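Whatever order the structure lists them in is the order used to number ligands and atoms, beginning at 1. Note that this is a predicted model, so its numbers are computed, not measured.
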Amino acid sequence: MKQSDILATEKQLGYISESANALKIAEENKGRKLTASVVTFGCQMNARDSEKLAGILVSAGFELLEDTEDADFVLYNTCTVRDNANQKLYGHLGEVHSRKKKNPEMMVGICGCLPQEPSAFERLKKSYSFVDLIFGTHNLYAFPEYLSRLLSGERHIYEIMDHSDNIVEDLPVLRKYPFKSGVNIMFGCNNFCTYCIVPHVRGRERSRESADILAEIKKLADSGVKEVMLLGQNVNSYGNGLADEISFPELLKRTCDVPGIERVRFMTSHPKDLSDELIKTIKENDKICRHLHLPLQSGSTKVLKEMNRRYTKEQYIDLALKIRNEIPDLAMTTDIMVGFPGETAADVDDTIDVINKVKYDNAFTFIYSKRMGTPAAVREDQVPETLVKESFDRVLKVVQDTAKEQSLRWQGQVLDALVEEENSSMDGYVTGRLSNNMIVHFEGCKEMIGNIVPVRLDECRGFYYMGSRA
Ligand code: 5AD
Ligand code: SF4
């Protein structure tokens with residue numbers, strides 16, 4: 001860790017103590033504990049960030065609530081990858097505003113990707129002035145400071161930075177699950193796909209030093225974590241720009257070697273730089289989960305070029321089939337986008353052709369959403385809504401049919417499941433996750449949570465299994 005990062009961490013830990021003192025006084029005045037709730041939108045990165053935000057809140061002395069209804073402090077950790085995420089947030093803000101009118105002492109905060117967009121930041125400041133705190137992705141580590149200012153009565157703390165100098169380690173984290181955890185290995189993205197806002201709101205790619213990552217994983221394992229998910233927008237370029245750093249496959253191997261770690265996942269891989277070394281590493285290490293998320297986006301070489309994806313339809317198919325061939329028990333999932341500017345019915349046929357050839361185990365299908373500031377947004381050949389809808393339905397049908405066929409292939413097998421929770425709708429049942437990322441429900445009790453147990457996959461019901469202890 002850099003000296004400046006260590007100092008930045010110490011400073012923030014100091015603000016947590018200040019917040020704790022201020023909270024004690026507030027508690028005495030109110031005669032009860034103060035409560036907080038973190039609402040998370042978006043991807044695994046945001047989920048991990050929310051665990052950090054929650055850790056800071058709890059360390060300061062807040063009681064954390066699932067529900068925002070009765071919270072003294074509501075913090076929204078936002079996403080802006082597609083417009084529907086933004087609309088969802090604005091809906092929530094309308095609700096929380098009416099609550100704040102009744103209870104002016106409550107505090108509202110917004111952080112994450114959305115305010116990192118200049119136009120959204122302006123809109124929030126102008127039309128949502130009841131919001132007390134706004135900060136972005138680059139200054140998330142400074143949340144303890146903002147919290148302490150908020151608790152000493154300051155309002156309208158609106159701070160956005162356009163890049164990060166620090167990677168602040170070792171602030172408190174409150175994990176959602178005691179037995180599994182995400183671990184950031186890098187931040188930001190340098191790929192600039194022409195539709196994507198991520199490089200604009202999360203900044204340039206920065207890798208964490210492997211020694212820091214492995215020390216964090218060791219600490220997690222010591223505290224009972226069995227499964228880690230290494231997180232980055234493009235994990236295959238891990239280590240670029242760092243002196244003497246190791247490759248991503250090497251990082252995976254060293255993660256597997258940490259005592260106590262039984263499963264390793266990672267997210268997300270860009271097809272353009274997925275190496276043979278990575279395929280070999282997955283194949284040779286049982287602890288690396290049999291699941292690969294390999295975003296396709298489009299099957300048309302013309303569209304892929306305009307998206308700046310830097311692979312062709314044929315290159316993608318070759319790669320996917322090579323992986324399928326090398327590791328037959330691996331489940332492959334993907335992201336597909338429909339309605340990118342200029343996309344024709346013939347381009348969609350190409351996408352469908354790839355789906356039919358690769359046969360994904362599951363696929364997330366998105367309608368292209370215009371993001372301000374990206375090159376694709378200013379194109380004049382935006383696709384009419386009716387064609388998008390038609391294409392979306394066509395793609396979805398093939399995705400569902402092929403995924404159904406793929407999911408069935410595990411039926412009758414006995415596979416290890418990490419028990420994650422009690423089943424909420426069936427008494428006496430628990431829910432486990434297989435190495436291939438599928439879900440299985442089977443008879444069990446809450447004492448099994450956090451254990452890895454063999455389960456017979458009796459019956460495939462679409463995207464999940466009903467099973468029994470083997
Ligand atoms: N519109 C629709 N989907 C998008 N994604 C990224 N940007 C956009 C956009 N502008 C999708 C991609 C990516 C996933 C995380 O979100 O498919 O892989
Ligand atoms: Fe966005 Fe492309 Fe980076 Fe993924 S790789 S975050 S789609 S720019």
Side-chain angles (χ1 to χ4, degrees), residues 40-49 78-88 112-114 116-117 119-120 137 184-207 229 231-238 240 248 266-274 292-300 303-311 316 320 332-343 347-348 351 354-355 358 360 362-379 382-383 385 388-389 391-392 395-396 399:
T40 311
F41 298 91
C43 64
Q44 317 259 7
M45 294 272 199
N46 264 20
R48 180 65 181 155
D49 285 348
T78 62
C79 167
T80 186
V81 76
R82 288 171 289 276
D83 190 54
N84 49 9
N86 299 18
Q87 296 317 322
K88 228 158 91 187
C113 291
L114 178 72
Q116 206 63 55
E117 253 189 278
S119 58
T137 55
N184 297 107
I185 64 164
M186 58 208 296
F187 302 94
C189 181
N190 280 356
N191 287 319
F192 288 99
C193 300
T194 55
Y195 51 80
C196 187
I197 198 149
V198 170
H200 305 269
V201 295
R202 290 235 171 218
R204 292 299 61 71
E205 193 178 282
R206 302 167 306 284
S207 291
M229 182 183 274
L231 297 170
Q233 297 296 346
N234 180 15
V235 291
N236 296 320
S237 59
Y238 170 75
N240 286 353
F248 178 61
F266 58 90
M267 186 82 102
T268 291
S269 282
H270 195 302
K272 79 174 159 59
D273 30 37
L274 194 146
L292 181 70
H293 188 67
L294 194 64
L296 167 69
Q297 312 302 359
S298 166
S300 151
V303 174
L304 286 167
K305 188 158 194 300
E306 289 171 5
M307 287 177 165
N308 191 30
R309 292 290 290 176
R310 287 172 275 180
Y311 51 84
Y316 184 97
M332 199 179 289
T333 58
T334 200
D335 292 338
I336 294 170
M337 194 184 303
V338 173
F340 183 81
E343 186 181 65
D347 294 320
V348 178
T351 301
V354 178
I355 303 168
V358 176
Y360 296 101
N362 201 355
F364 300 97
T365 313
F366 304 112
I367 287 180
Y368 165 74
S369 167
K370 220 170 162 176
R371 306 320 287 133
M372 234 199 286
T374 62
V378 290
R379 282 180 57 159
Q382 303 288 327
V383 183
E385 219 171 289
V388 176
K389 180 86 190 51
S391 303
F392 185 82
V395 168
L396 196 65
V399 157

If you measure from each non-hydrogen atom of Tyr195 to ligand 1, which part falls under 4.0 Å: side chain, backbone, both or neither? both
For atom 14 (C) of ligand 1, the closest protein heavy atom turns out to be Asp335 OD2, 3.4 Å
Just which atoms of ligand 1 are under 4.0 Å from any heavy atom in Gln297? 12 (C), 13 (C), 17 (O), 18 (O)
Quick one: does Ile367 get a heavy atom under 4.0 Å from ligand 1? yes
In sequence, state the C-alpha distance, the side-chain angles, and the governing distance for Asp335 and His293, and then conclude on side-chain contact (heavy atoms from CB on, under 4.5 Å). CA-CA 8 Å; Asp335 292 338; His293 188 67; 3.1 Å; yes
Which residue and non-hydrogen atom of the protein lie closest to atom 6 (C) of ligand 1, and at what distance in Å? Val81 CG2, 3.5 Å
Test of understanding: with ring pair (Phe, Tyr, Trp, His ring centres under 6.0 Å), list the residues that count as partners of Phe366, not counting sequence neighbours. none
Before accepting this row, confirm whether a basic side-chain N of the pair Arg202/Asp49 lies closer than 4.0 Å to the acidic partner's carboxylate O. yes
Do protein heavy atoms approach atom 4 (Fe) of ligand 2 to less than 4.0 Å? no
Might you confirm whether atom CD of Gln87 has over 12 heavy atoms from other residues, nucleotides or ligands at distances under 6.0 Å? yes
Of all the non-hydrogen atoms in the protein, which one sits nearest to atom 11 (C) of ligand 1, and at what distance? Arg82 NH1, 3.1 Å
Flag side-chain contact, heavy atom, 4.5 Å: Tyr368 against Met307: no
Under a 3.5 Å cutoff, is there a donor and acceptor pairing between the side chains of Ser237 and Glu205? yes
Are Lys272 and Asn234 side-chain neighbours, meaning at least one heavy-atom pair lies under 4.5 Å? yes
Could you tell me which atoms of ligand 1, counted from 1 in the order shown, lie closer than 4.0 angstrom to a heavy atom of Tyr368? 1 (N), 2 (C)
Near atom 3 (Fe) of ligand 2, meaning under 2.8 Å, the protein N/O/S atoms are Cys189 SG
Tell me, do Glu117 and Arg371 make a side-chain contact under 4.5 Å, heavy atoms counted? yes
Between Gln233 and Cys189, is there a donor-acceptor pair closer than 3.5 Å when you use the side chain of the first and the backbone of the second? no
What distance separates Lys370 NZ from Asp83 CG, expressed to the nearest 0.5 Å? 11.0 Å
When you compare ligand 1 with Arg371, is there at least one nitrogen or oxygen pair between them that comes in under 3.5 angstrom? no
Taking side chain as C-beta onward, heavy atoms only, is Val303 less than 4.5 Å from Lys305? no
Is any side-chain heavy atom of Leu292 closer than 4.5 Å to a side-chain heavy atom of Leu274? yes
Only heavy atoms of Tyr195, strictly under 4.0 Å: list the atoms of ligand 2 that pass. 7 (S)
Which residue holds the protein heavy atom closest to atom 1 (N) of ligand 1, what is that atom called, and what is the gap in Å? Ser369 N, 2.9 Å
Heavy-atom contact under 4.0 Å between Arg309 and ligand 2? yes
